[in-house]
Amino acid sequence: MIAMETDKMSTASSVGAERRPLLQALVLERRILFACTVLVGLSTFVWITAVCTEKWVHIYSANGIYLPTRGEYFMWSDSGVWEICRYVFRPTLVPEAVNASTPRPIDVTGLTGEYYTNCTNYLAQPVMKNGKPTDPAYDIDVANYVRTMISFGIISLFVMAMGCGFSIYTFRNPRYMFKRLAAGIHFISTSCTFVVVQVTMSSLDHMQKNVKYIYPERASHYFHISYFLAWFVVLVNFFAAASFLWYSRKRKGDKAATDELAMADEPTIIGR
């Protein structure tokens, strides 16, 4: 009897020793997935902040660029997902050497006037005159880009919220299929947010080539804080999708860290 009990204790201790590395791996897995869940939840608010601000692309000039369409000088502009705000200079007095028969100065040096901020909302219906928008900054192609970005931006917001919910559920039900479902949802949100970033770059390229009132010759640009916030959201969702997919492998029998996890990954017959 004593020998049999000793054998059982040695067997239990050996099983515990065998599962100790699995338990350590399980703790690391839970920490990584929990960090992914928190970051995805944070990314939802970061995404709202990025979409609602006009700090995606900053177009600027050194000393102003003359725009003959309105007789003003382009200074700089900040563009967001659906709105672009331009900071322009309107001269009221030019040097005596400049008159109606001579060209305007190439920049605002030596000119007096006032500075204005003009914003164009591409979601609003433009005011038309003779079949053309009265606002020279309004471009039909840019408006189409904006509608695409808004559509995918809203879809990605709901998908991220859904992915965060399913990620939380995987901690209550460790079955592998729920982790794969969460990974799939995170991958969809990654794709949607990536589309918004790519369409933003395509819109900027279109403005640089075709809409000189927004992006004049000799102007330059750089990407602003909201653009990098959007890339942060893309990378977080991609990392979450890869992590949940990596840890969604089946663990049966002695490959599972606990008996509960082993039973969770066993085949289940789903009734009606």
List the steps, then state whether side-chain contact (heavy atoms from CB on, under 4.5 Å) holds for S243 with L33. CA-CA 7 Å; S243 298; L33 296 184; 4.1 Å; yes
Checking the side chain of W231 only, and the main-chain atoms of V197 only, is there a donor and an acceptor separated by less than 3.5 Å? no
Kindly write out the residues that satisfy salt bridge (Lys or Arg N to Asp or Glu O under 4.0 Å) with R90, not counting sequence neighbours, or none if the list is empty. E72
Measuring from T37:OG1 to I32:CD1, what's the distance to the nearest 0.5 Å? 11.5 Å
So CG of D78 and OG1 of T117: to nearest 0.5 Å the spacing works out to 10.0 Å
Under 3.5 Å: donor-acceptor pair, side chain of W47, backbone of G153: yes
Under a plain distance cut-off of 3.5 Å, with no hydrogens placed, do R86 and S79 share a side-chain donor-acceptor pair? no
With distance as the sole test, does D205 use its side chain to make a donor-acceptor pair with the main-chain N or O of M201 at under 3.5 Å? no
Residue among Y115, W76, Y116 satisfying side-chain contact (heavy atoms from CB on, under 4.5 Å) with V88: Y116
How about V211 and H206: do any of their side-chain heavy atoms sit closer than 4.5 Å? yes
On a heavy-atom basis, which atom in N237 and which in S43 lie closest, and how many Å separate them? ND2-CB, 4.4 Å
Decide ring pair (Phe, Tyr, Trp, His ring centres under 6.0 Å) for F178 and Y169; before the verdict, give the C-alpha distance in whole Å, the side-chain angles of both, and the deciding distance to 0.1 Å. CA-CA 8 Å; F178 296 110; Y169 185 74; 5.1 Å; yes
Under a 4.5 Å side-chain heavy-atom rule over Ile, Leu, Val, Met, Phe, Trp and Tyr, are F194 and V236 clustered together? yes
Let me check something: do F166 and W246 share a hydrophobic cluster, defined by ILVMFWY side-chain heavy atoms less than 4.5 Å apart, either directly or through other members? no
Given the rule in the side-chain contact (heavy atoms from CB on, under 4.5 Å) test, do V127 and D135 qualify, once you have shown the distances and angles that lead to the verdict? CA-CA 8 Å; V127 179; D135 186 356; over 6 Å; no
Closest approach of M75 and G64, non-hydrogen atoms and distance? SD-CA, 3.6 Å
Does any N or O in the side chain of T190 come within less than 3.5 Å of the main-chain N or O of F238, such that one atom is a donor and the other an acceptor? yes
Any heavy-atom pair between the side chains of F171 and R30 that's under 4.5 Å? yes
Minimum-distance pair of heavy atoms, taken over all atoms of K55 and H224: O-CB, 2.7 Å
Is M162 reachable from V40 through a run of hydrophobic residues whose side-chain heavy atoms are each under 4.5 Å from the next? no
Determine whether I154 and Y145 fall in the same hydrophobic cluster, where Ile, Leu, Val, Met, Phe, Trp and Tyr are linked whenever their side-chain heavy atoms lie under 4.5 Å apart. yes
Go through the steps to decide whether I65 and E217 satisfy the test side-chain contact (heavy atoms from CB on, under 4.5 Å), and finish with yes or no. CA-CA 8 Å; I65 300 175; E217 297 288 348; 5.9 Å; no
Check: F74 main-chain N/O paired with S61 side-chain donor or acceptor under 3.5 Å: yes
Nearest non-hydrogen partners of C36 and F239, listed with the distance: SG-CE2, 3.4 Å
Which is it for F244 and I185 under the side-chain contact (heavy atoms from CB on, under 4.5 Å) test, yes or no, and what are the steps along the way? CA-CA 10 Å; F244 275 92; I185 295 175; over 6 Å; no
Cluster link V159 to V234, ILVMFWY, side chain under 4.5 Å: no
Report the distance from atom CG of L181 to atom OG1 of T170, rounding to the nearest 0.5 Å. 10.0 Å
Decide whether H221 and Y60 meet the rule of one side-chain donor and one side-chain acceptor closer than 3.5 Å. no
Interatomic spacing from CD in Q198 to OG in S202 - rounded to 0.5 Å: 6.5 Å
Look only at the side chain of S203 and the backbone of V199, and say whether a donor-acceptor pair between them is shorter than 3.5 Å. no
Calculate, to the nearest 0.5 Å, the distance between atoms OG1 and CZ belonging to T148 and F152 respectively. 7.0 Å
Name the orientation class of the two ring planes belonging to Y73 and F89 (parallel below 30°, tilted from 30 to 60°, perpendicular beyond 60°). tilted
Are the ring centres of F228 and F223 closer than 6.0 Å? no
Taking atom types as modelled and ignoring hydrogens, do the side chains of T53 and S226 form a donor-acceptor contact shorter than 3.5 angstrom? yes
So, do T120 and E83 sit near enough that their side-chain heavy atoms are less than 4.5 Å apart? no
Gap separating the OG1 atom of T44 from the CG atom of L39, nearest 0.5 angstrom: 11.0 Å
Quick one, W82 and N121 - any side-chain contact, counting heavy atoms below 4.5 Å? yes
Nearest heavy atoms of C164 and H186, plus distance in Å: N-CE1, 4.2 Å
Shortest non-hydrogen contact from Y138 to A143? OH-CB, 3.6 Å
Do the side chains of V146 and L123 get nearer than 4.5 Å, heavy atoms only? yes
Donor-acceptor pair, side chain of T134 and main chain of M128, under 3.5 angstrom: no
